> 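Sending over a structure as structure tokens; questions will come in a sec.
Values in this document were obtained by computation on a predicted structure and should not be read as measured data. In what follows, chains carry the letters A, B, and so on, assigned in the order in which the sequence lines appear, proteins first and then strands, with residues in each chain numbered from 1.
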Amino acid sequence: MEPVIEVRGLTARAGTAVLLDRVGLTVAPGEVTALVGPSGSGKTTAALALLGESATGVRLSGEVEVAGTTVVSADGPARLAPSVRGRVVAYMPQHPAHALNPARRTGSVLAELARLHRPGGGRRPAAAGYAAEALRTAGLPDDLATRRRFPHQFSGGQRQRVALAQVLVCGPRAVVLDEPSTGLDTVARLRLAGELTRLAADGIAVLLLSHDHDLVRAVATRTVLMDRGRVTAEGRTADLLPARPAAPVPAPAPGPAPSPGGGRAALHARDLSAWLRPGRRGEVLRDVTVRVPEAGCTAVVGPSGSGKTVLARCLAGLHERHDGQVSLFGEPLPVLRHRTPRQIRGVQYVWQEVRNSFDERRTVLEQVARTAVRLRGLSPREAERRAMRVWERLGLSSEHAARHAGSLSGGELQRAALARALLAEPAVLICDEITTALDEVSTRAVTEEITRLREGSGTAVLWIGHDLRLVELLADDLVVLDAGTVVDHGDRRAVLSSPRSETTRLLLRSRHLGAAAAGGTPTPYDLRREGQPHS
Amino acid sequence: MLRYALRRGGWTVVQLAVLSVVVFLLTDLLPGDAATVDFNEQAGLDQVAQLREQMGLDRPAAERFADWAHGLLTGDLGTSLVGGGPVSGVLARSVTATAALAAVTLLLLVPLAVVIGLVTGLRAGSRTDRVVSAVTLTLTSVPDFVLALLLVALFSLRLGWLPSTWVGADDLWWQRPELFVLPVAVLLARTVCVLSRQIRAGTLTSLNAGYTVQARRLGVPPVRLVLRHLLPNAAVPGVQELARTGDHLLGGVLVVEAVFAVPGTATALVEAVQNRDVPTVQALTLTLAAVACLLNLAADLVSRRLAPRTEVLR
Amino acid sequence: MSGRRYRRTATGALLLAPPCAAALIGPFVTDSPIPSEGMPYARGDGHVLGTDALGRDVLALVLRGGASALGVACAAVALAFVVGAAIGLTAAASRSRWLDDLLMRPVELLLPLPSLLVISVVGVGWRGHPVAVALAVAALNVPAVARLLRAAAMDAAGGPVAEAMRLQGESAARVLIGHVGRAVLPVAAADAGTRLGSAVFTVAAANFLGLGLDPTSPDWGVVIAASREALFVQPWAVCAPALMLVMFTVGVNLLADGLLPRGDGRGETTRGKEQAWNR
Amino acid sequence: STAASGSSSPRKGGSLRAAFPGAGVKETMDPHAQRQFVDIARHKAVFDKLVELDASLRPVPRLARTWSSDASARVWTFELREARFHDGHVLDADDVLHSLARILDPKAADHLAKKSLSSVDLPNCRAVGRRSVEIRLTRPNAELPALLAMTGTAIVRAGWDDPRHPVGTGPFRFVSFTAGRSFVARRFDDHWNGAPHLDEVRVLSAESEARGAAVRSGEVHYAHEMTPTFARSVEHDSRVRVVATARSGVQGFALKTDRPPFDDPDAAMAVKLLVDRERLVDVVCAGRAEIGNDLYGKGYTYYPDGLEQRERDVAEARRLLRRTGLLGKTVSFYTSTASDSFAQAAHLFAEQAEEAGLRVKITNGPPESYFTDVLTTGTVTNHRCGAMSIPTYISERLLTESPQNATAWQRRDFDEAFAAAQAVTDDEERERRYGSVQQTLRDRGGLVLWAHPQWLNAVSRTLRGVKEAPPNTVDWARFDTVWLD
Ligand SMILES: Nc1ncnc2c1ncn2[C@@H]1O[C@H](COP(=O)(O)OP(=O)(O)OP(=O)(O)O)[C@@H](O)[C@H]1O
Ligand SMILES: Nc1ncnc2c1ncn2[C@@H]1O[C@H](COP(=O)(O)OP(=O)(O)OP(=O)(O)O)[C@@H](O)[C@H]1O
Ligand SMILES: [Mg+2]
Ligand SMILES: [Mg+2]
């Protein structure tokens, strides 16, 4: 079939750096094409170029043609580029949190886009129909309450789906999805896989940018491999990304493997309840108990919006509207404001939406090194030296260190944030989905670093993540959260092999994307249960 | 939202109550009283004393305040110490002119400021932007009384196109639109500049925001992008500024009222302060304060709708 | 700094130079009080800029009157910002609602107090006291400054960057000054520019209406007010000090625009906006 | 005196707009509570008095055709003219008696003439026939006619007590009034002095700036009380001319004579000698004034002739200052912005005193109550006074019991000498006595009067028949004799 997108010799430069080097690829209708490569290899840059766009300071050249329209020519973006946006190619960005207008209701934006791009969308009911359909396809309920919500009233994963709905409602001929599965729990991810296949089946060209090889294998017919701005291989997915052995190697529980539930509790939270608004309104956690033993690793999983981030923030002392007890080695732990430097050093937290936690005015390294200066009393020079060491172990180069957060890719920043926490040499490390933007190499670097810490310094780790494979790799204990309550907990193996709650079973059932085609699409969650109603 | 509005409304009532005490104390702190002022240059001290007794100014302040407050609660604003007429009459007469002036100004102000702010914000750095910004910057820096004097000198005295004052317009001012031209021009000059600069700044930030970029990527055409996606966010600081402008228009147009002899609230308030006419001062201040509160409330409600995330902040 | 920005800053500095020089050096090169030697509103006659109503040399007045005209306004705005920033930033950074309320409620109470009343009360009650006028203007500005800075600091103070800094063990003061302060600086600077302008005008307008300083003081606002009738008889008596005021405010605004760091392409405030979602 | 009226003959009709400095809600249509010029002008349109003053402040008949007194100046008889009120009622003695009673109403604190007419023995006043009134006084006073020409002495209709519906005998019939803004009155054809030329007169309130702009742009025809600077700026204006009335009041300084240092007449004399009157006139009055000689009422009836002009003598002033121990000392000057000229005069005074070795510290007081405040506070203060007869001036400001005694001049012998002079019915003898009283004041009193400024009104070229007249005199603010071209 005639390809919808054709890219030839696409080059992107920032200053002297070459971000893309004569990239060529095609995306055909009716199938999913995957763009895969390590973090920082230029995937996002290439995807943006399909719309004739680039980040500030980045210059494009080459040839990009979309449905017969030239979007990029030898001397940069072409004049007609804007005409393809939305109607022909719709792009979903890597950080959808950024992409939603805080002042607009979800439904009104969707209807507006439908009116703009869909035939007959000018009529109100038709537009509303398209909007509802897009919401459903993205895995969100299409009721009035959802349509009237503002972006901030959704959880991270839900916002991802809102952004997807915006892309779908345009009815484009090609969709470009940049890391659509970050922050999605297995159930949602499974649904997403199903959706992508269906889109392709409807004759739409899908370009998928992802680190999630399972997802790529499940949906993409063709794959383009990238590395350092070049296309290194292109072909059938099955050839380029051979399927893993059926059962993922369940890495033996690492290190000293303390007896499950045994060992001194490094961090212990009992009967934790948390709420969003004053007067205990908007409760998000109820009577949650979590225990992380010394040198142990406890994982927290649960559907998107179940309260994992809030739990992590309670433990880090950042979320103050909570009650129940939190203790560090038996000693009660107050909220962050009242913690002593020793206690602050004891519990460190790595953000889920990491870009926001870096200051644009200082270089990333400077910010990372401060931890060691403040909490370990090192001199700034010494601190930077140590920072660089951790930095390199996580697979970052010294060249990244002098940059500001804005010019680092998503995965690079995620690792920087981890380095920032690690420099404190904490007793407890809370990791909130810290591998979502990482490729496999970087993920391995991160897990290795964590394992090293547990073995070397006896650091306890609270791991929050959707990726059950990693959970199996790292965690000793497992806590399953749903709608703010613990529905399952105990030894990881025990929970996974004999789940007690429906939520756990659902998560487990959806973990293998291969089942997607057979299992059909699971029903969407009840949003009302996930998010607290606001009004 | 409703809950928030009610809470804010309740707080406004408290605010006004405390303000009335503050205002009473402030006017009471002033040297002299209505009697001394009233008989300035005309009568001796014994006559002043007699007048003071007649006005009830020899009673303790607390008692006078209690009387006034009681009157207020029963819907009576009291009588002016100086003119002897009901304060409500003074209020009604002065508020209409100022309100009309403020309304006309606001009506022109908002579209003008939005257009200028958007155009300069969207074309930041262009020649248009530089020229317009230079003009607005200079205009904000010309004292309004200088501007008023210059406009009168040019348009009334030299060219004779427009009336220079409202003197003799009596109560027929609302039938003569030409009376509004110069005062409104002076009022607009500064406020348009300040407001459009706010909107320009807001436009600049939301122009580069992720949601604007994404909306553009989804093919939203420029005009719609500006009006539906950008403006609601860019308008937040502007809306707050507008509330302050409204307040300024109602209470702070003194210079304009003085130069153009507009019989408005500012003139009435200054005069009442000079006359130490406490009931009139109280009534005028509370009216202005209530309007200011309402404007702020409206601005907050609108901002809250435009930037709904603030509700979670604390 | 880009060329255009550099030019703006340079223009601002150039414009600021004469009024500031007059204010700073003027008092040392003129007599006090300025002798009344000529005829009222004379032009020429040995006086470069003519004379004022009292027959005083306008040039001498311009040189002498800057200190109070700018001093009162600058002092008032500085005071308003010190107090307003202390209140606003503390309120924004405080995580307890009652401290926030404790700080902001009284301030909001003053917000609807008509500035006119305060000015006329101070004008009438403490006639001719520059300190009183400065205090009044400052008091009028505190609520607005506090609210503005609180709103501007809210995002920064509650956002992930501040949280990250606190998790790194940074002291509250450093978070407040090093991060929150820097984040609100552009807002504060832009606001200070306009506020300074309007403070100069408030003082001048108060003088214009006879509510401010002694009518024979050489203060620019007073001179403009006192000579306004002579706009066509002796224009310099009005225009010279008015020009000084205009140059000062334009200069301050240009400087505020040009000197201070602004969010580059990506827009800092935008980033602030998303922060709330993450909490 | 009709120099300004031009050559054209009066034309009937037209509506005159006249702007006066306003007083806001203070403005009233109660003719006995009048305070401001704008009130007086309005009342003058609607009401008449028994007597008015001419340009030399001598009483001239209005509603009273003639008057006479007994030899002791205690019993006065006023013959009324045939005048009609706007409601048709013809003026009679009862109206006069009612007016007097209303003015003297002990409960009405704001009736200003109450004090000066306090010697009227109301119970013993009576009507003598329909058109004649006998007024008895409790103490002799040859100046009663002048007192009846002062502010707040209009004749109202018997039984009238409603300022919202003023009914008088004046040349214009009341139509409407809004305090602080405007007043409209229409021609009264039955006026005893003949119908006015104008159809209508509007008296408006406006501040100085607005008055100037309004008269220049033709929005009003008459603007009362303009500044010398305004006069300068319309010198070449073809649409506006300035009507300047010479010697329409006084400008000066008041020294408190009841407390150190000016309880010593030499100290006061030192100040009188050190002020540079020419300079003050040149600057403060922009040259539009006659130099003062420390006496009130230059050019008015009873002003002593042949007085030598007091000149500046710094050496003598210095000598007196040294003698009284004031040299190098500081006195305080209490001024305010009650009038534009006050602070300027104070500033110049400080400069001039410095030259003679007297330091002056200027403090500013609130203008709204300045004139009441200076009765009790200050050492040196500003002084000003509009036009009134010299005996009235003395009795209002220079007697122990005077309400406006700004120099705190409290001398029994002075009071007695003045009272005795007032009781003299023989004009020449009275004038001689007044002269000696004034001489005492000039030599030993606390008044330093350095200027008799001109009174400046601006009128548009189309307005004819406006006469130069000091405020409060019969031709001032008189709109029944003017016409519009
Ligand atoms: N403005 C810039 N200046 C210099 N380098 C830049 C700039 N923007 C991006 N880069 C670099 O370009 C490279 C490619 O970035 P891009 O965002 O396309 O990567 P990516 O493949 O999407 O990575 P990830 O999977 O982590 O999102 C990165 O190494 C990044 O640091
Ligand atoms: N600032 C906020 N305002 C409103 N609701 C919020 C806010 N923060 C969290 N919530 C709600 O609280 C619930 C729990 O959110 P949380 O971020 O802890 O979910 P999560 O388990 O981390 O989800 P995800 O896997 O998507 O990150 C969600 O339903 C979310 O809608
Ligand atoms: Mg990317
Ligand atoms: Mg989360």
> Look up atom CD in D:Glu219 and atom CG in B:Leu179, then write down how far apart they are to the nearest 0.5 Å.
8.0 Å

> Identify which part of D:Leu375 has an atom lying under 4.5 Å from any heavy atom of chain B, answering side chain, backbone, both or neither.
side chain

> Pair D:Arg181, B:Arg93 - check side chain to side chain contact (heavy atoms under 4.5 Å, CB included), show working.
CA-CA 11 Å; D:Arg181 298 200 195 165; B:Arg93 272 201 303 277; 3.4 Å; yes

> Which bit of D:Thr28 is near chain B, if near means a heavy-atom gap under 4.5 Å: side chain, backbone, both or neither?
neither

> At a heavy-atom separation under 4.5 Å, does D:Ser176 approach chain B through its side chain, its backbone, both, or neither?
neither

> Please state whether the side chain, the backbone, both or neither of D:Pro163 comes within less than 4.5 Å of a heavy atom of chain B.
neither

> If you tally heavy-atom pairs under 4.5 Å against chain B, which of D:Cys385, D:Ala206, D:Gly24, D:Gly218 wins?
D:Gly24

> What I'd like to find out is whether the side chain of D:Val25 reaches to under 4.5 Å of the side chain of B:Thr280, using heavy atoms alone.
no

> Is D:Arg384 close to chain B through its backbone or its side chain, or both, or neither, when contacts mean heavy atoms under 4.5 Å?
both

> So which part of D:Ala406 gets closer than 4.5 Å to some heavy atom of chain B, the side chain, the backbone, both or neither?
neither

> Looking at D:Glu207 and B:Val259, would you say the former's side chain and the latter's main chain have a donor-acceptor pair under 3.5 Å?
no

